[in-house]
Structure formats: C-alpha cells, structure tokens
Amino acid sequence: MDVEEMQKLYAWVDEIPLSRKKKHIAKDFSDAVLMAEICNHLFPRVVDLHNYSAAHSVSQKLYNWATLTTKVFKRLNFVIDQRIVDDAAKSVPGAIEAILFQFRNHIMSESFTMPGSNPPTSRKRRTRTPRQNITAADSPISSYKPHIREREQFDESQHMEPEREVIHVNNVSDEDFEKALIKIEDLEEKNQLMQLKIRKLEQLVRLKDSRIQALTSKLHTTVGQ
C-alpha cells in the first residue's frame, strides 16, 4: 500500500467524528474504543458504546476487542486474524491500519449486506460465510509484513466453522426467520462473553491468592523476628 492509499485510509477515518483526536493512531485505537465508535457511526443499531471504556492494561484492551469482535464484527460478518487484534491491543505499528483497511474494504464490497437485511442466498439453509484472514499481502503498510511473516503459518481450518445443517423454513415468514437468526446470534454472543468474564474472574482469583500468599509469608517473617 503506497503513501497515497494510506492517506486515503486516514482521510476516511478523519471523516468520522471520534471522541479523541487522532495523534498516535496505534495507541489511540489500541483499546478498541475508537474502532467501536467507527462501527457505531456506520451501524448505530449494531453497536452499544456503553460496552467499551478506555483502557490502559493490555488485558482490558483485549477484553474490549473481544467484546467488539463478538457483538459487532460477528454480526457484520467481518473476520480478522486474532493475532493482528492482539498486536493492535499492544500498539504494534501497522496493526490497526491493517484492521481498518480490511474493515473498510469489507463494508464497501458488493457482497456486504447490512445486518438484518435479506441475504442474497436462499433462506432454506443457514450457512456461515467462510472466514477470510488478512495476510501479509493484504497489510496496508510494508513495515507490518515482516511482523506477520515471522509467525507460524496461520491454520485457516481452525477458524472455519462447519456448515450448519439444512433447516426447512417453507412455512416460516421472512420476518420470523430473521428474528430467530438474531436470537440465535445474541445467545451465542452472550455465551462467548460469559466465558470471557469467567476467564477474567479466574485471573483475578489467582492474583488475589498470590497476594494473600505473599502477605502471609511476610507476616510469618515479621513474627519470626
């Protein structure tokens, strides 16, 4: 991606009203809040900004990205390599540009459909569009390419979901069918978010146990003196 294309990407971002000015894009976007604001500006019915708060720790930033991926990207049928998301949370140069570049291309593609709109394929079967992972060739800046190539080759099969079983809906209206799909998606999102919260609580418990052990050891040392 040349300088002109990069400037077009930045210009596209600048057209969207954000809560923070773009000073250092890698750091500004690292907690996923501004990415959520972009999605909210373009798809206000899909994004609830209350789910995202400014974060400083990498773990909280990753939690924000996981929420955005589960509750928003999934509904937009947008998939990005998790390792690029991890790099974005760590402010790795070029990572957020890669996400923005892929996201803009995705929503501007002819195959993109608005959430809740009728899909172009038959409703007699519910399938998932195969996930497309951004590669080094897709990266918007050359400095990010070596960073991606240094990693082991991405196993795409791990990020492909099996085709859903055929569901006959001859006697179901389009409106009821859409409601059922949305309900299923919401339940899947809640389940994934609950798992994320459980893992976070487990981390806090381990941290607390470690702190208690350190204080106990210190107390024993003090008593022994």
Side-chain angles (χ1 to χ4, degrees), residues 18-40 46-75 78-100 103 131 133-134 139 143-144 146-159 161 184-225:
L18 301 174
S19 60
R20 311 173 200 161
K21 290 185 178 180
K22 179 169 62 66
K23 296 180 180 179
H24 190 298
I25 191 167
K27 292 182 178 179
D28 295 337
F29 278 76
S30 62
D31 62 4
V33 173
L34 295 188
M35 190 68 208
E37 290 182 5
I38 289 177
C39 295
N40 177 259
V46 177
V47 186
D48 184 359
L49 292 179
H50 295 294
N51 291 326
Y52 311 93
S53 57
H56 299 288
S57 67
V58 173
S59 61
Q60 184 59 46
K61 291 177 181 180
L62 288 172
Y63 181 80
N64 284 351
W65 279 107
T67 303
L68 186 66
T69 299
T70 303
K71 298 185 72 67
V72 180
F73 287 173
K74 187 175 181 181
R75 295 189 65 180
F78 174 63
V79 180
I80 197 77
D81 191 327
Q82 180 59 42
R83 290 169 295 185
I84 299 181
V85 173
D86 293 343
D87 286 346
K90 298 173 184 176
S91 303
V92 174
I96 188 60
E97 286 92 341
I99 294 175
L100 289 167
F103 180 76
R131 298 192 172 194
N133 299 297
I134 189 168
S139 180
S143 62
Y144 190 66
H147 183 75
I148 297 177
R149 281 201 293 267
E150 288 174 358
R151 304 175 183 275
E152 63 184 47
Q153 185 176 3
F154 179 62
D155 183 9
E156 188 173 351
S157 64
Q158 295 179 358
H159 287 257
E161 294 188 10
I184 291 172
E185 294 290 344
D186 287 341
L187 290 174
E188 291 176 346
E189 291 169 6
K190 290 179 181 178
N191 181 53
Q192 292 186 30
L193 284 175
M194 186 62 65
Q195 292 177 3
L196 287 170
K197 290 179 179 179
I198 290 173
R199 287 198 292 270
K200 190 172 183 64
L201 287 173
E202 289 175 344
Q203 291 176 354
L204 291 174
V205 169
R206 287 195 295 269
L207 198 64
K208 182 179 179 181
D209 290 342
S210 177
R211 180 62 176 167
I212 291 174
Q213 185 177 0
L215 290 173
T216 302
S217 177
K218 185 177 181 180
L219 179 61
H220 288 164
T221 301
T222 303
V223 172
Q225 295 176 352

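Note that the structure is predicted; figures quoted are calculated from it, not measured.
The two residues Ser91 and Lys61 have their closest heavy-atom pair at OG-NZ, 4.5 Å. Nearest heavy-atom pair, Ser53 versus Asn64, reported as atom, atom and distance to 0.1 Å: O-ND2, 2.9 Å. Of all the heavy atoms in Ala88 and Ala95, the pair that sits closest is N-CB, 3.6 Å. In plain terms, the two heavy atoms of Leu62 and Ala89 that are nearest each other are CD2-CB, 3.6 Å. What you find for Asp31 and Ala55 is that their closest heavy atoms are OD2-N, 3.3 Å. Minimum heavy-atom separation, Asn51 to Lys71: ND2-CE, 3.5 Å.
Expressed to the nearest 0.5 Å, how far CE of Met35 lies from CG of Leu18 amounts to 10.5 Å. The CD atom of Gln213 lies 7.5 Å from the OG1 atom of Thr216; values are rounded to the nearest 0.5 Å. Interatomic distance, Ile212 CD1 to Lys208 NZ, rounded to the nearest 0.5 Å: 5.5 Å. Here the CD-CG distance, from Glu37 to Leu49, works out to 6.0 Å after rounding to the nearest 0.5 Å. Rounded to the nearest 0.5 Å, atoms CG (Leu34) and CG (Asn40) are 12.0 Å apart. For the atom pair SG (Cys39) and CG (Asp48), the distance works out to 13.0 Å, reported to the nearest 0.5 Å.
Listed for the Ser210 side chain is no donor-acceptor partner under 3.5 Å among the backbone atoms of Arg206. The main-chain N or O of Asp28 is found under 3.5 Å from a side-chain atom of Arg20 such that the two form a donor-acceptor pair. In this structure a side-chain-to-backbone donor-acceptor pair under 3.5 Å is present from Ser30 to Lys27.
Side-chain N/O atoms of Gln82 and Asp86 include a donor and acceptor closer than 3.5 Å.
Looking only at side-chain heavy atoms (C-beta outward), Ile38 and Phe29 come within less than 4.5 Å of each other. Between Phe103 and Ile80 the shortest side-chain heavy-atom distance does not fall below 4.5 Å. Looking at Trp65 and Ile99, their side chains come closer than 4.5 Å, going by heavy atoms from C-beta outward. Under the 4.5 Å side-chain criterion, counting only non-hydrogen atoms from C-beta, Leu68 is not in contact with Val85.
Relative orientation of the Phe78 and Phe73 rings is perpendicular, given thresholds of 30° and 60° on the angle between their planes.
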